[in-house]
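Numbering starts at 1 and runs along the sequence shown. For the numbers below, each heavy atom of this structure counts, side chains included, while hydrogens, waters and symmetry mates do not. Start at 1 and go down the list; that is how both ligands and their atoms are numbered.
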Amino acid sequence: MSIVIEHISKSYGKVNALDDISIQVGQGELYGLIGPDGAGKTTLFRILTTLLLPDQGSASVAGYDIIADFKAIRKQVGYMPGRFSLYHDLTVEENLNFFATIFGTTITENYDLIKDIYVQIEPFKDRRAGKLSGGMKQKLALSCALIHKPKVLFLDEPTTGVDPVSRKEFWEMLKRLQDKGITILVSTPYMDEAALCDRITLIQDGRILEIDTPKAIVEHYSKPIFDVGAHNTYLLIEKLNAYTHKHSVFPFGEYIHYTDQRDGFDPMELRAYLKKEGLQNIHIERTKATIEDTFMELAKQ
Ligand SMILES: Nc1ncnc2c1ncn2[C@@H]1O[C@H](COP(=O)(O)OP(=O)(O)OP(=O)(O)O)[C@@H](O)[C@H]1O
């Protein structure tokens with residue numbers, strides 16, 4: 001195992017940021033920590049990268065204990081914090097040089113590892129980091145986190161605030177790093193990114209909701225889900241929520257995802273109800289569960 005987390009808890013005063021968290025991440029796994037803002041993801045990253053002490057529990061990274069061997073861990077891991085971690089006044093190249101130097105290495109020594117990513121920002125190597133676009137900042141931050149050839153990479157919400165094309169490119173880069181044997185723990189609030197991980201932990205309010213492969217997590221979802229649309233989405237949500245038999249209602253892209261309490265649910269009955277309530281252009285169609293549906297269901301319990 002590359003990361004072993006056992007019964008970790010951490011509070012800030014009255015806020016239980018992490019409550020009895022246990023997770024194991026295998027060597028070379030691309031592992032996702034999926035949860036909304038405030039779920040405790042950053043707190044867990046800070047503990048695993050030895051920047052914060054847990055109140056309870058233990059953990060090891062690359063075989064080293066987070067407390068006893070904290071210095072060894074710092075050499076073995078790369079950490080890309082959620083907020084932009086680079087020096088805005090330094091150029092692209094200066095930032096990379098800086099991170100290489102503090103780890104006692106050089107850009108040339110480990111260039112192979114970052115080449116794929118760095119070539120994309122190299123044309124801007126003399127530009128100050130503060131003047132880069134979101135996607136380019138992210139590539140530079142990743143290059144900096146990789147420059148000392150870490151065994152384990154921690155990426156805290158690396159794609160937040162990044163455009164969809166750059167997000168896709170970023171995940172392709174992660175897959176290539178995984179192919180090189182690096183273990184990656186990545187957090188994201190985007191459920192579509194969860195599907196790209198080998199395994200995921202769904203986390204909310206410091207508690208684990210579920211751990212499994214994205215495919216298995218979706219298969220656990222037992223209720224039939226329906227896409228529902230109508231001419232007035234606001235009114236539709238209101239009326240669906242008021243429907244006696246509703247189990248869950250939440251917006252999902254252009255439709256509302258609806259589940260019913262009853263086993264023998266007849267969509268025609270719902271259609272008739274919505275029509276009576278003044279909705280027009282009603283669309284009801286069975287759809288597949290996503291990780292987001294599972295998350296919403298588990299979060300309700
Ligand atoms: N230094 C702190 N002092 C007090 N409360 C804190 C502190 N850091 C985090 N918290 C609280 O702990 C909980 C978990 O925060 P954390 O930052 O770990 O979550 P997160 O999943 O990373 O979310 P975000 O994306 O918002 O950072 C939140 O309720 C947060 O407000």
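- T201 and Y31 are linked by a side-chain donor-acceptor pair at a separation below 3.5 angstrom, with hydrogens and angles left out of the test.
- Under a 4.0 Å N-O distance rule, the pair R167/D192 qualifies as a salt bridge.
- The atoms of ligand 1 that sit less than 4.0 Å from any heavy atom of E157 are 25 (O).
- Between Y79 and F154, the ring planes lie perpendicular to each other; the angle is over 60°, past the 30° to 60° tilted range.
- Note that the CD1 atom of I34 and the CE atom of M191 stand 7.0 Å from one another [nearest 0.5 Å].
- Taking atom 9 (C) of ligand 1 as the reference point, the nearest protein heavy-atom neighbour is Y12 CE1, 3.3 Å.
- A salt bridge links D260 with R262: the closest approach of a Lys/Arg side-chain nitrogen to an acidic carboxylate oxygen falls below 4.0 angstrom.
- Under a 4.0 Å criterion applied to the non-hydrogen atoms of P36, ligand 1 contributes the atoms 21 (O).
- Defined by atom type and a distance below 3.5 Å, a donor-acceptor pair is missing between the side-chain atoms of H220 and E297.
- Looking only at atom types and distance, the side chain of N16 has a donor-acceptor partner in the side chain of S11 under 3.5 Å away.
- Considering backbone and side-chain atoms together, G38 places an N or O closer than 3.5 Å to an N or O of ligand 1.
- For the side chain to side chain contact (heavy atoms under 4.5 Å, CB included) criterion with I208, the lone passing option out of L33, D20, L18, I21 is I21.
- Residue contact annotation: G35 has no non-hydrogen atom under 4.0 Å from ligand 1.
- Among protein heavy atoms, the minimum distance from atom 29 (O) of ligand 1 is reached at V15 CG1, 3.6 Å.
- Only one option out of Y258, F226, Y255 pairs with H283 in a ring-ring contact (aromatic ring centres under 6.0 Å, His included); it is Y255.
- Of the protein's non-hydrogen atoms, the one nearest atom 17 (O) of ligand 1 is T42 CB, 3.6 Å.
- Across D156, T43, T160, heavy-atom proximity to atom 16 (P) of ligand 1 is greatest for T43.
- Under a 4.0 angstrom heavy-atom cut-off, S187 registers as lying outside contact with ligand 1.
- Ranking protein heavy atoms by distance to atom 19 (O) of ligand 1, first place goes to G40 N, 3.0 Å.
- Distance check on atom 4 (C) of ligand 1: some protein heavy atom falls below the 4.0 Å cut-off.
- Counting the atoms of ligand 1 from 1 in the order shown, those under 4.0 Å from a heavy atom of A17 are 12 (O), 13 (C), 14 (C).
- Atom 31 (O) of ligand 1 is not flagged as protein-proximal [any protein heavy atom, distance under 4.0 Å].
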